[in-house]
Amino acid sequence: MKVVYFAWLRERVGVPEEDIAFPVEVSTVSDALNHLISLGENYAYAFERPSLIRAALDRKHAKPEAPLAGAREIAFFPPMTGG
Amino acid sequence: MKVVYFAWLRERVGVPEEDIAFPVEVSTVSDALNHLISLGENYAYAFERPSLIRAALDRKHAKPEAPLAGAREIAFFPPMTGG
Amino acid sequence: MSIPIDVRVQAEPFDEAAEQKALVTGRFDIGAVVAFTGYCRDEGGRLEALELEHYPGMAEEEITRICREAAERWPLLSLRVIHRFGKIDPGEGIVLVLASSAHRAAAFAGADFVMDFLKSRAPFWKKEHGRGGTAGDWVSAKDEDENSLARWV
Amino acid sequence: MSIPIDVRVQAEPFDEAAEQKALVTGRFDIGAVVAFTGYCRDEGGRLEALELEHYPGMAEEEITRICREAAERWPLLSLRVIHRFGKIDPGEGIVLVLASSAHRAAAFAGADFVMDFLKSRAPFWKKEHGRGGTAGDWVSAKDEDENSLARWV
């Protein structure tokens, strides 16, 4: 699955995007986030405050409990500050 | 005292402005309006629905009970429709 | 606090872009500008033009009073209002209100407030000219404009 | 009813005047346009520039969804939004929202609503660049932006 990061989350993870093969038991946005944290210190640092993390599935805002099934791209980013 | 009229009130009275020497007992905006009504049919027609008449004293909105004392110009007009 | 308040009542068309540019050029504290433009509609093809009568002197003074009131209520950085009089064709601008602030909420509220009060308090009157030279009727004031003022008390 | 919704995400500066002209030219049913422009402030001289990162694709789609929602809530005639990304200097425009309607209330509400949701829902992130090349910090989201959304429920 394609995983993309933005803003300080991207800086902390160290790459703007990557392909990750999530284990079969990873079925929700929240599961994906927890799996990423297990991948290394840069991920643990990036996701250290889950309340500040927002996510999107295939370019639509997604809640932590949203299922990954069928999605091709998951994005993680901080609260938005546009406008 | 200078009296000015606007919009359909001006059209009904027949002049845009005039000088009127109000009797001494005319002391408020409401008194002035009633005095004008007594001056002729064009005035009676113009002021036939007092609830639709607005007034200003020296270019400031004035209520019916506002005293004329000290004012140099009184204006009568319909509800405003600018903007 | 006193902010720049610029009020003009004129027969000529106005240039929204030039007015907004004049408002913001050289200022780096303005974060938000709300520009309201009121246009002359043709009412489904029925109207040839609007004619606006105004009370010279009082029109400028009353709009300025409304702007001062807005500046007291919200942290605005500047206000600019242009209101036209005379004959105005469908598609042409009638009124322009510009409100600037550091943040968007005050700019929206300031422009909205000024337009609401301007509609019911500024001495302008609209007469309709129908297609084919039919005699014009004076536009009646709308209850909803008066009711709209109740939002601000 | 489907209305024209035009959303653009671009690095280039925008021209408010040209955008508003494009919105109203040839239309005689539009009585009101509210134009919101968000500018880059220098924060009292502290800022050299803002840098805006965005999520390509989702940015346009999310703003379009917000516009469609606004068009369902109010009798709007058209909506146009331009949001810039990349480096933006103090005094330059960051975002432009144009809402048109027959009457002013819908135009104000539509532009206000779109800006509110855009602030908290459109995938853009601001980084500050300080004077003298100091390393930039990411701007934190404001609670007041989230709270502002509560006005619309």
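Just so we're on the same page: letters track the sequence lines, and every chain starts at 1.
- Interface remark: D:Arg65 contributes side-chain atoms only to the contact with chain A (heavy atom separation under 4.5 Å).
- At a heavy-atom cut-off of under 4.5 Å, chain D is reached by A:Lys60, A:His61, A:Glu73, A:Ala75, A:Phe77, A:Pro78, A:Pro79 from residues 60-79 of chain A, listed in order of number.
- With chain A as the partner, the residue from D:His54, D:Arg121, D:Arg84 showing the most heavy-atom pairs under 4.5 Å is D:Arg121.
- Closest heavy-atom contact between A:Thr81 and D:Val139: CG2-O, 3.3 Å.
- Other residues, nucleotides and ligands contribute at most 12 non-hydrogen atoms within 6.0 Å of the CG atom of D:Asp143.
- Residues of residues 87-110 of chain D that come closer than 4.5 Å to chain A, counting heavy atoms only, are D:Ile94, D:Val95, ordered by residue number.
- Atom CZ of A:Arg49 has 12 or fewer neighbouring heavy atoms from other residues, nucleotides or ligands inside a 6.0 Å radius.
- Per-residue heavy-atom pair counts under 4.5 Å with chain A were compared for D:Gly38, D:Ser120, D:Ala59, and the maximum is reached by D:Ser120.
- Nearest heavy atoms, D:Trp138 versus A:Arg10: CZ2-NH2, 3.8 Å.
- The environment of D:Arg68 atom CZ is sparse: at most 12 non-hydrogen atoms of other residues, nucleotides or ligands sit within 6.0 angstrom.
- With a 4.5 angstrom heavy-atom cutoff, A:Arg54 does not touch chain D via any of its atoms.
- For a residue to count as touching a neighbouring chain, one of its non-hydrogen atoms must lie under 4.5 Å from one of that chain's; by this rule A:Ala56 touches chain D with the side chain only.
- In this pair, D:Tyr55 and A:Phe6 present their aromatic rings tilted. The plane angle is within the 30 to 60° band.
- For residues 32-42 of chain A, heavy-atom neighbours of chain D at less than 4.5 Å comprise no residues at all.
- Residues of residues 11-25 of chain A that come closer than 4.5 Å to chain D, counting heavy atoms only, are A:Glu11, ordered by residue number.
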